[in-house]
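Hydrogens, waters and symmetry mates are skipped; everything else that's a heavy atom, side chains included, is used. Start at 1 with the first residue, then count along the sequence.
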Amino acid sequence: MIYRQNTWKRVINPHCKIPLYLIPFIFTSALLPFPSQADASYFGYATVTTDHRAYGVSLTQTDPAVQVLAGYDIGNGFYLGTFISTFNFIDDDSPYEAGENLETDVYLGYRHIFNEDIYLSVTLYQYLIHGTDKGIELDFTELMFDLHTPYGQFSFSHTLNDILGDLSVDKAYRLEYNKSLALWDSGLSLDTQLGWWDTKDALGDDYVYYNLGLSYPIGPVTACLTYNGTDKAGQELFGHIADPTFFAKATWVF
């Protein structure tokens, strides 16, 4: 276990950087449809982004990415779907580079509506990283609870196995807050996120991440400009891919 821990820290040092995944995204609750108990329906979106970032860390070595999410709202509270994105975990020049190039996530969840303003989503995510060619498994599973209120979204998640598979030594849990505010009647919105990931047992330290962005609809597309990063502990864990930076994305919902 100590060797694996040391290997992780060597992989993410300034010369051999590896980001920490996850989802999207992004964004976890943003993947899910607006709550209803009506008829079944499909939902999804396609995104082009200058950087695939999650939890304050780049998942593409700060390179652009193309992403697609597709899901099915069964209509009785249950939903399921998949998320696909280009992916590049480890620096191509690193001796630990494993060839990973595609992220595919599948999820299944249930939503309980308390009233028109408050509902709870419980979602099980399976993260699958494809293209690894050196016998390294990066897949892991996460259970997430999202409480949606007029005051924002409060989230708690816990991995059910070692986060990032063979690259860590334990499970991890996370607390997160998200809030979007409409700015006047312009269509512009201010999107904020603050999270804490307890990866101390798994990776050697815990860290704080944050997100501050503006989004604006342009026809069928929503454009976003976001400032995203981690605290000093996150930067020490992941190197330059956790440095605060701006990135932009355009999303088409279908």
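In this structure, W252 has no side-chain hydrogen bond (donor to acceptor under 3.5 Å, both in side chains) partners at least two apart in sequence or on a different chain. Residues forming a side-chain hydrogen bond (donor to acceptor under 3.5 Å, both in side chains) with D139 (at least two apart in sequence, or on another chain): none. For N161, the side-chain contact (heavy atoms from CB on, under 4.5 Å) partners at least two apart in sequence or on another chain are F140, T141. Not counting sequence neighbours, the partners of N211 by the side-chain hydrogen bond (donor to acceptor under 3.5 Å, both in side chains) test are N228. Every side-chain hydrogen bond (donor to acceptor under 3.5 Å, both in side chains) that D51 has, sequence neighbours left out, goes to R53, S58, T60.
To the nearest 0.5 Å, the span separating CZ on F43 from CG on L69 amounts to 6.0 Å. Residue S85 holds its OG atom at 8.5 Å from CG of D105, rounded to the nearest 0.5 Å. Expressed to the nearest 0.5 Å, how far OG of S215 lies from NZ of K249 amounts to 9.0 Å. The distance from the CG atom of D198 to the CG atom of L175 is 8.5 Å, given to the nearest 0.5 Å. Atom CD in Q235 sits 5.0 Å away from atom CG in D243 (nearest 0.5 Å). Atom OH of Y127 is separated from atom CD1 of I129 by 10.0 Å, given to the nearest 0.5 angstrom.
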Walk me through whether D191 and L214 qualify under side-chain contact (heavy atoms from CB on, under 4.5 Å).
CA-CA 6 Å; D191 308 314; L214 293 171; over 6 Å; no
Go through the steps to decide whether S155 and D146 satisfy the test side chain to side chain donor-acceptor pair (under 3.5 Å), and finish with yes or no.
CA-CA 4 Å; S155 302; D146 298 302; 2.5 Å; yes
Does the pair T251 and T47 meet the rule for a side chain to side chain donor-acceptor pair (under 3.5 Å), with working shown?
CA-CA 4 Å; T251 301; T47 295; 2.9 Å; yes
Audit row: I218, Y216, side-chain contact (heavy atoms from CB on, under 4.5 Å) steps and yes/no
CA-CA 6 Å; I218 305 173; Y216 185 77; 3.9 Å; yes
Please lay out, stage by stage, how N178 and E176 fare under the test side-chain contact (heavy atoms from CB on, under 4.5 Å).
CA-CA 7 Å; N178 289 270; E176 185 179 285; 2.7 Å; yes
Start with the C-alpha gap between T82 and T104, add the side-chain angles, then the distance that decides, and say whether side-chain contact (heavy atoms from CB on, under 4.5 Å) holds.
CA-CA 7 Å; T82 185; T104 302; 3.8 Å; yes
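By the 30° and 60° cut-offs, the orientation of the rings of F238 relative to Y207 is perpendicular. Aromatic ring pairs are classed by plane angle as parallel below 30°, tilted from 30° to 60° and perpendicular above 60°; the pair H112 and F114 is perpendicular.
One hydrophobic cluster, built from ILVMFWY side chains closer than 4.5 Å, cannot hold both W196 and L212; they sit in different ones. F247 and L59 fall into different hydrophobic clusters, where Ile, Leu, Val, Met, Phe, Trp and Tyr residues are linked whenever their side-chain heavy atoms come under 4.5 Å apart, directly or through other members. Cluster membership check: Y55 does not share its hydrophobic cluster with F246, using side-chain heavy-atom separations under 4.5 Å among Ile, Leu, Val, Met, Phe, Trp and Tyr. One hydrophobic cluster, built from ILVMFWY side chains closer than 4.5 Å, holds both Y110 and Y72. Taking hydrophobic clusters as Ile, Leu, Val, Met, Phe, Trp and Tyr residues chained together by side-chain heavy-atom distances below 4.5 Å, F156 shares a cluster with L194.
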Compile the donor-acceptor pairs under 3.5 Å between side chains in residues 181-188 and protein atoms, sequence neighbours left out, one pair per line.
{"unit_1": "S186", "atom_1": "OG", "unit_2": "L183", "atom_2": "O", "d": "2.8"}
{"unit_1": "S186", "atom_1": "OG", "unit_2": "L188", "atom_2": "N", "d": "3.2"}

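Counting only distance, with no hydrogens or angles, the side chain of T50 and the backbone of A248 share a donor-acceptor pair below 3.5 Å. A donor-acceptor distance shorter than 3.5 angstrom exists from the side chain of T199 to the backbone of D205, with no hydrogens or angles considered.
When all heavy atoms of N115 and I113 are compared, the pair lying nearest together is O-CG2, 3.2 Å. Contact detail for D201 and V169: the closest heavy-atom pair is O-CG2, 3.1 Å. Shortest non-hydrogen contact noted between A172 and W197 is CB-NE1, 3.4 Å. P244 and Y227 make their closest contact through CB-OH, 3.0 Å (heavy atoms, listed as atom of the first residue, atom of the second, distance). Residues Y79 and T123 approach most closely at OH-OG1, 2.6 Å, considering heavy atoms. Between L160 and K171, the closest heavy-atom pair is O-CE, 3.5 Å.
Contact annotation: the side chain of R174 approaches that of M144 to within less than 4.5 Å [non-hydrogen atoms, C-beta and beyond]. Between T62 and T245 the shortest side-chain heavy-atom distance does not fall below 4.5 Å. Counting heavy atoms from C-beta outward, Q67 and T49 have side chains that approach closer than 4.5 Å. Contact annotation: the side chain of E103 approaches that of F83 to within less than 4.5 Å [non-hydrogen atoms, C-beta and beyond]. Contact of the Y151 side chain with the D117 side chain is not registered, since no non-hydrogen atoms from C-beta on lie closer than 4.5 Å.
Remark: the S41 side chain and the D73 side chain contain no N/O donor-acceptor pair separated by less than 3.5 Å. Donor-acceptor pairing under 3.5 Å is lacking for the side chains of E142 and H158. Of the N and O atoms on the side chains of Q61 and N88, not one donor lies less than 3.5 Å from an acceptor on the other residue. For the residue pair T86 and H52, no side-chain donor N or O sits within less than 3.5 Å of a side-chain acceptor on the partner. Counting only N and O atoms by type, the side chains of S180 and S189 include no donor and acceptor under 3.5 Å apart.
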